[in-house]
Amino acid sequence: MTQQAQVLAARHQPLHDRPPLVLAHGAAILVLGMLAICAPFAVLLSTGRPPSGGPIWDFSMGLGFGALALAALQFALTGRLRWITHPFGADIVYLSHRYLSWGMVGLMLGHFALLYVFHQPALGVLNPLEARWELTAGRVALACFLVLIITSQFRKRLHLRHELWRVLHLTLALLGMLAGIAHVLGVGNLTNTPEKQLLWLGATLGFMAVLVHTHVIRPWWMNRNTWRVVSNTPERGDVHTLELAPEGQALRRWKPGQFAWLKVERSPYSLVEHPFTISTAPEQGPNLAFSIKPLGDHTEELIKTPVGARAYIDGPYGAFSVDRAAKAPGFVMIAGGVGITPLLSNLHALVARHDPRPVILIYGTPTWEDASFREELKAMKQRLDLTLVHVIDTPSDDWQGESGKIDRELLLRHLPADTRHWPHLLCGPGPMLDALRRDLADLGVPLRHIDYEIFELV
Ligand SMILES: Cc1cc2nc3c(=O)[nH]c(=O)nc-3n(C[C@H](O)[C@H](O)[C@H](O)COP(=O)(O)OP(=O)(O)OC[C@H]3O[C@@H](n4cnc5c(N)ncnc54)[C@H](O)[C@@H]3O)c2cc1C
């Protein structure tokens, strides 16, 4: 099992005492997803089955059908539909999208390979000028989805900028899906009854509706509810906090630790938008703060945002929140660098609610000067049962606290045995999270009590 798959498995179990309603909601989404994948087969088998071309032919058609159903499902997964992301968290939904996309391309390749090996004449000629259009459409769909998955998996190695990749991803997905549906409709033998035609019409309308919702309706709504940057404050550790005030409707029903997609001084329809945690808590009022560390060209630009700039917010998303463990006896929080932001938001919420439960925060930074918000955290100790452990990677000679990496021994020193069943909220660089997960599991913390926030969706 890969690291990400383990995280996925852990997240599919309840984090501590996730409310039953959220669990029921999650189960309903999973059942709906399964139904969406099975629907084409049910319709195929129950209404006017086309004449069989033999078991391999039928199996190959089944693979093609399944592939297209999975492709349509991907639009729902990535359409930022809150009723889908809410029970799982956005990162889990994106991870599922990644795995299901590999499955989809596998099914497509299987469909093509079986026909190529056992029914080659049915594939006709390759030259699009001479080939039947519907077969060319099938090849275009396969090529689009293959390029799409390769460019996504190897984006960094191919040195593809995130913005360019995003445009390419959307274009290929749209083209691939349209070509796939054209292929099914053109081949015809799987659309020979009104029920089947209705099914494919529904699938086409469904994925178009998600696209319109994400790229037209939502930006239109954001355009009517703009935000204004009211301050830009430099923090320790090269972080800048942008405070935004609503000019229209403020953010509603959000939880501490959630994130939003932020666009500053761009069109609300622009594809250039980046996810950032809201580092304040809902209880602190309608203004929102985003604490941003410059890690690339976009964030370098963002931290220079002037006061008065116009911004657009698409959110809230994510589920990295103390609210998912309402009855937990306490919390363990571990942050690395700018990974402190979602934990800060959660701590602000606990302070604002006068929450009496104990919290242990272990916070690793390269140097003492890099420890963003350290004064704010220290002040929280007056109002919260907070044990704060700073861990400095390369400390100065006079540093008296913990130093080096956050490892098993350090965790043993600071986490008493009765914290093993508390929720553990972790956010930091990927390698740190991997090591922490292993160390915590080693100490006997069940995977389902370990929750991650991953700052890299792609
Ligand atoms: C849920 C979540 C919450 C986050 N919260 C914070 C926060 O509070 N503070 C903070 O400083 N950073 C946060 N980040 C990280 C932040 O989004 C990236 O650092 C930023 O997008 C990098 O963009 P760049 O162009 O400056 O750097 P690049 O060098 O272009 O990107 C660095 C990496 O960031 C990711 N990335 C880049 N662009 C995007 C995009 N448009 N959408 C998604 N991922 C992208 C990619 O994995 C990329 O490899 C968060 C990320 C996620 C997913």
Side-chain angles (χ1 to χ4, degrees), residues 4 7 11 78 80 82 85-86 88-95 97-98 151-170 214-215 232-244 254-264 266 270-281 288-305 312-321 335-348 363 365 370 372-373 425-431 433 451-458:
Q4 282 189 328
V7 175
R11 281 282 200 90
T78 54
R80 297 193 200 159
R82 237 166 276 156
T85 56
H86 171 68
F88 309 104
D91 51 350
I92 293 305
V93 171
Y94 277 94
L95 271 181
H97 165 57
R98 186 182 293 182
T151 48
S152 302
Q153 190 67 30
F154 304 108
R155 182 182 70 81
K156 284 190 185 158
R157 274 194 238 168
L158 293 168
H159 300 291
L160 257 182
R161 282 191 61 215
H162 197 278
E163 281 76 17
L164 179 64
W165 167 83
R166 202 153 169 229
V167 175
L168 188 74
H169 198 74
L170 196 63
T214 313
H215 298 286
N232 179 347
T233 315
E235 315 277 1
R236 290 182 189 282
D238 213 10
V239 168
H240 282 241
T241 296
L242 301 184
E243 186 188 347
L244 275 62
W254 62 285
K255 296 189 186 334
Q258 287 196 294
F259 73 93
W261 296 82
L262 182 64
K263 289 181 198 172
V264 178
R266 292 179 192 274
S270 165
L271 287 179
V272 180
E273 56 180 347
H274 290 242
F276 293 99
T277 307
I278 305 165
S279 52
T280 40
L288 303 179
F290 295 92
S291 300
I292 298 166
K293 177 141 182 135
L295 293 174
D297 48 359
H298 185 80
T299 37
E300 287 284 359
E301 221 178 89
L302 260 187
I303 60 161
K304 296 182 196 135
T305 303
Y312 302 96
I313 288 175
D314 182 10
Y317 296 103
F320 189 67
S321 181
V338 73
I340 189 68
T341 54
L343 301 177
L344 189 66
S345 166
N346 278 299
L347 288 168
H348 276 309
Y363 179 19
T365 48
D370 287 321
S372 316
F373 309 107
L425 299 163
L426 322 179
C427 187
L433 294 185
D451 205 4
Y452 287 74
E453 181 73 305
I454 302 170
F455 272 10
E456 282 198 18
L457 292 181
V458 188

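Everything numeric in this text was worked out from a predicted model, so none of it was measured. In each ligand, atom 1 is the first atom listed, and ligand 1 is the first ligand listed.
Using a 4.0 Å cutoff on heavy atoms, I454 counts as a contact of ligand 1. Heavy atoms of K156 come nearer than 4.0 angstrom to ligand 1 in at least one pair. Residue contact annotation: G318 has no non-hydrogen atom under 4.0 Å from ligand 1.
The N/O atoms of E300, backbone and side chain alike, include none that comes under 3.5 Å of an N/O atom in ligand 1. Checking only distances, E163 never comes within under 3.5 Å of ligand 1, N or O to N or O. Looking at F276 next to ligand 1, no N or O pair under 3.5 Å apart turns up. At under 3.5 Å, not a single nitrogen or oxygen of W261, backbone or side chain, sits near a nitrogen or oxygen of ligand 1. Any N or O atom pair closer than 3.5 Å counts here, and E453 shares no such pair with ligand 1.
Residue T341 touches ligand 1 through its side chain alone, judged by heavy-atom distances below 4.0 Å. Residue contacts with ligand 1, taken as heavy atom pairs separated by less than 4.0 Å, involve S291 solely via the backbone atoms N, CA, C and O.
Between the side chains of S372 and E235, no donor N or O sits under 3.5 Å from an acceptor N or O.
Side chain of N346 to backbone of F320: a donor-acceptor contact under 3.5 angstrom is found. Formation of a donor-acceptor pair under 3.5 Å by the S345 side chain with backbone atoms of G257 is found in this model. Judged purely by atom type and a 3.5 angstrom limit, R166 uses its side chain to pair as donor or acceptor with the backbone of L271. Although no hydrogens or angles enter the test, the distance criterion places no donor-acceptor pair under 3.5 Å between the side chain of Y452 and the main chain of G430. Between the side chain of E243 and the backbone N or O of A289, no donor-acceptor pair lies under 3.5 Å. Judged by distance alone, with hydrogens and angles left aside, the side-chain atoms of N232 form a donor-acceptor pair with the main-chain N or O of T305 at under 3.5 Å.
In the candidate list S372, G315, A289, G296, G296 is nearest to atom 27 (O) of ligand 1, counting heavy atoms. Among R161, Q258, H274, the residue whose heavy atom lies nearest to atom 23 (O) of ligand 1 is H274. Compare Y317, Y94, F455 by their heavy atoms: the one nearest to atom 4 (C) of ligand 1 is in F455.
Residue-ligand proximity, I292 to ligand 1, at heavy-atom distances under 4.0 Å covers atoms 11 (O). Less than 4.0 angstrom separates some heavy atom of K293 from each of these atoms of ligand 1: 10 (C), 11 (O). For ligand 1, the atoms closer than 4.0 angstrom to any heavy atom of R155 are 46 (C), 47 (O), 48 (C), 49 (O). Less than 4.0 angstrom separates some heavy atom of V338 from each of these atoms of ligand 1: 9 (N), 10 (C), 11 (O). Of all atoms in ligand 1, numbered sequentially from 1 with element shown, those under 4.0 Å from a heavy atom of H298 are 24 (P), 25 (O), 26 (O).
Looking at R266 and E163, no side-chain N of the basic residue comes within less than 4.0 Å of a carboxylate O on the acidic one, giving no salt bridge.
Here the closest heavy-atom approach between residue H240 and residue P234 is recorded as CE1-CB, 3.9 Å. Among all heavy-atom pairs drawn from G315 and A260, the shortest one is CA-CB, 4.1 Å.
Taking the six-membered ring for Trp and thresholds of 30 and 60 degrees, H162 and H274 have ring planes inclined between 30 and 60 degrees apart.
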